[in-house]
Structure formats: structure tokens, C-alpha cells
K.L.:
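Below: one structure in C-alpha cells.
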Amino acid sequence: MDDQTRMLASMGGLGGLSQADVGDPDSVRKQQSLGQPPQDIGDILQQIMAITDESLDEAQARKHALNCHRMKPALFSVLCEIKEKTVLSIRGVQEEDPPDPQIMRLDNMLLAEGVSGPEKGGGSAAAAAAAAAAGGSPNDGSIEHSDYRAKLAQIRQIYHSELEKYEQACSEFTNHVMNLLREQSRTRPISPKEIERMVAIIHRKFSSIQMQLKQSTCEAVMILRSRFLDARRKRRNFNKQATEVLNEYFYSHLSNPYPSEEAKEELAKKCAITVSQVSNWFGNKRIRYKKNIGKFQEEANLYAVKTAVDAANVSAQASQANSPATPNSGLFICYE
DNA sequence: TTTAATGATTCTCG
DNA sequence: CGAGAATCATTAAA
């Protein structure tokens, strides 16, 4: 066997031109058409069993001979060309790769929710924006909001770690495949273009995985948001002391029960609720009082007495301590 | 279980 | 944008 024959033999699998093919076409047809798998596997096993150190050495030697052969580059380039031409016809199907509108939408949403994009800062800013949009001053540090933020942060963290994992796996896999192909390109006609295409295919696959990740993250955020909104609807009655403070203010300003922004803030602080809750309370109270003054008369009297008593106490204390009168308590309570 | 009370939301209007 | 009004949804009382 001279070098050229041997070379052809070793390339046989790919080019479809093995000695067996040339020498005995019938045998191939027999194997392919009727298909006798048991025999095939048996053959293969036998071949594997027959591998010896010498045969491995021989294969290595053949490989080396092939690599060094002066005709190799020319032959490979021709084979690559042929391959390229046959592949070209198939390629058109999966060629187009425009920026997916779906993935853009997901990206935008993740960015808006502060999941992707700049780290911590962006996230809390978005949460703060959500809090502000929910109505109320930005420092409404209610439990739900911090809870929401915490959950969002958790989602963000998972998202980032997963994304990183996928990216790492993708680059690892790509490297692996590229190395493999480069290695094989020494014994098989593989053009750089083909490697490039392979890499592109891998990236497409991984980006589809990434899209799934983004999608599920979006879903998680949506669920969190809806739960958050629901949670806001779940109300808890204010504690007794808070209601008392609010009622006191209301009935002692009955002629003009519209607390200023500062007064609201003060009340909010006293009652351990938010300013918007104070606003809600006064809105509700005003309308409900107006609707049925009779029903609230008892309450009104009660608080009037209370503030009157308080005022009396305060003034008594004040006169006792000989200190200036307190500025703002029950001054226009004239209940008898 | 029904009902009243109550905090929150949503809408319109000035 | 804030107030009023209607309404929703939950809680507490009956």
C-alpha cells in the first residue's frame, strides 16, 4: 500500500470513498439495505477487540503520514469546497437571525423591574419607584415594601447566578467544540467557516435557554407583583392607640378636618402608619362623618370630653409648673 | 353565618 | 394633585 492509497483509506469515512466501497459495493448495499444490526455490532466489537498496541501505533503512524503528506492541503481544500457547496443548499433554512422581538420584550421588562441592568442600586431604585407609584411618600417603609424588595432581590440574584452559569457553560462548551473541531480538522476536511457555523449554532441553542430563563424570571416577577398588590389590599385595622390619636385630631379640628402635610406626617409618626394611610383615614372619616353625623355624635362627644380633660390637665399642670401654655391642644374645644 | 366597621382603591371633578 | 364619592375586600362583632 503506498502513501496515497493509505491516505484515501483513512479519509474514507468522510469522503465516502473507502477501499471497501470501491472494491465491493455489494457488501455496503447488503449492510445498509437489509440491515443486520446484530452482525454489525458483532463486527464492530470484533474490531474493537482486535485493537492492539501495534494497530494503534500503526494508526498513529498513518495519521502522521497523512498530516505530513504534501498533497494533503490541496486535497483538504478541495474536499472543504465540495462540502461547503453541499452544505450551502441546506443552510438557508436556519440562516436568518434577526433580533428576536420576544427576547427584546423580556429584556425590557427585566430592565424595568430592576432585575437585569445595574446591580443593587438599580433594583432598589425600581422598588422605590414602585413604592412611590403605589401612592405615598418614598419613605413609606412598610413591611410589604421591604418584603417585596427582598423577594425581588432574591429573584435578581437567582437570575444573575443562573445567567452566569449558562454563559460559562456556553463558553466552555464552545471552546470544547472548537478545540475538538480544530483537532479533527487535521484529519478531516473542516473549514474555518464550518467551525464558525458550529459556534453560531451552539450560541443559538444557549440563547434559547437564556430566553427560557428570562421568561421564567419575568413570570416570577409578575407573580410577585400580583401578590404584592393583593397584599396591599389585605388590610389590618389600626391599633387602638392609633385610632385614638386620629380621632382626637379629627374631632378637635371638626370645623376644618384637613390636616396639613406636616400635621399628617406628625400623625403618621405618632400612629406608626404611613402618611398616605393618614390621608386615607381622614378621607374615609370625613365622608363617613358627613354622611351620618348622628351616628358619630356619641364618638364626637367622647373625644371632645377626652380632649377637654386633657386640656384641663395640661393647663393645670402648666399653671402648676408655671410654664407657658402648650401651643396646640384643644384650644377651641368649647364643650360643656 | 350575617352584618357592621373599616382600610384601601378607583374614579371623577375642580 | 388632592378631595369627594362609590366601591371593594377584609376584619370584627352580632
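Proteins come first, then strands; the chains are lettered A, B, ... in the order of their sequence lines, and each starts at number 1.
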K.L.:
To the nearest 10 degrees, what angle separates the axes at the start and end of the helix from B/dT1-C/dA14 to B/dG14-C/dC1, five pairs each?
P.N.:
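The end-segment axes of the helix from B/dT1-C/dA14 to B/dG14-C/dC1 are tilted 0° relative to each other.
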K.L.:
Reckon A/N237 has a side-chain N or O less than 4.0 Å from the OP1 or OP2 of B/dT6?
P.N.:
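No, outside the criterion.
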K.L.:
Rounded off to whole Å, could you give me the CZ-to-C1' distance for the A/R235 and C/dA9 pair?
P.N.:
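Spelled out: CZ on A/R235 to C1' on C/dA9 is 8 Å.
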K.L.:
Where do A/Y289 and A/E299 land on the side chain to side chain donor-acceptor pair (under 3.5 Å) test, with the steps shown first?
P.N.:
CA-CA 10 Å; A/Y289 180 82; A/E299 194 178 65; over 6 Å; no
K.L.:
Do A/H160 side-chain atoms and A/R156 backbone N/O form a donor-acceptor pair below 3.5 Å?
P.N.:
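Between the backbone of A/R156 and the side chain of A/H160 there is a qualifying donor-acceptor contact (under 3.5 Å).
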K.L.:
Ignoring hydrogens and angles, write down the donor-acceptor pairs under 3.5 Å from the side chains of residues 257-265 of chain A, residues two or more places apart or on other chains.
P.N.:
residue	atom	partner	partner atom	Å
A/S260	OG	A/A263	N	3.2
A/K264	NZ	A/S279	OG	3.2

K.L.:
Measure the shortest side-chain to side-chain distance between A/F250 and A/Y303 over non-hydrogen atoms and say whether it is less than 4.5 angstrom.
P.N.:
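Of all side-chain heavy-atom pairs linking A/Y303 with A/F250, none is under 4.5 Å.
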K.L.:
Using a 3.5 Å distance criterion without hydrogens, assess whether the side chain of A/S207 forms a donor-acceptor pair with backbone atoms of A/Q210.
P.N.:
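Such a contact is absent between A/S207 side chain and A/Q210 backbone.
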K.L.:
For A/N284 and A/R286, test the side chains for any donor-to-acceptor distance below 3.5 angstrom and give the result as yes or no.
P.N.:
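Per modelled atom types, A/N284 and A/R286 side chains form no pair under 3.5 Å.
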K.L.:
Atom CH2 of A/W281 and atom P of B/dT9: how far apart are they, to the nearest Å?
P.N.:
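Roughly 18 Å, once rounded to whole Å.
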K.L.:
Check nucleotides 3-6 of chain C for protein N or O atoms closer than 3.5 Å to its own N or O atoms and list the pairs.
P.N.:
residue	atom	partner	partner atom	Å
C/dG4	OP1	A/Y258	OH	2.2
C/dG4	OP2	A/R286	NE	2.6
C/dG4	OP2	A/R286	NH2	3.3
C/dA5	OP1	A/K290	NZ	3.2
C/dA5	OP2	A/K290	NZ	2.6

K.L.:
OP1 or OP2 of B/dA5 sitting under 4.0 Å from any side-chain N/O of A/K295?
P.N.:
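Indeed, a polar side-chain atom of A/K295 lies that close.
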K.L.:
Compare every heavy atom of A/V275 with every heavy atom of A/A268, then report the nearest pair and how far apart it is.
P.N.:
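Answer, listing the atom of A/A268 first, then A/V275: CB-N, 3.9 Å.
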K.L.:
Any side-chain heavy atom of A/L246 within less than 4.5 Å of one from A/K270?
P.N.:
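The answer is no, as the side chains (C-beta and beyond) never meet within the 4.5 Å cut-off.
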K.L.:
Checking contacts here: which listed nucleotide (C/dT10, B/dA8, C/dA12) is nearest the side-chain heavy atoms of A/Q277?
P.N.:
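Selected nucleotide: B/dA8.
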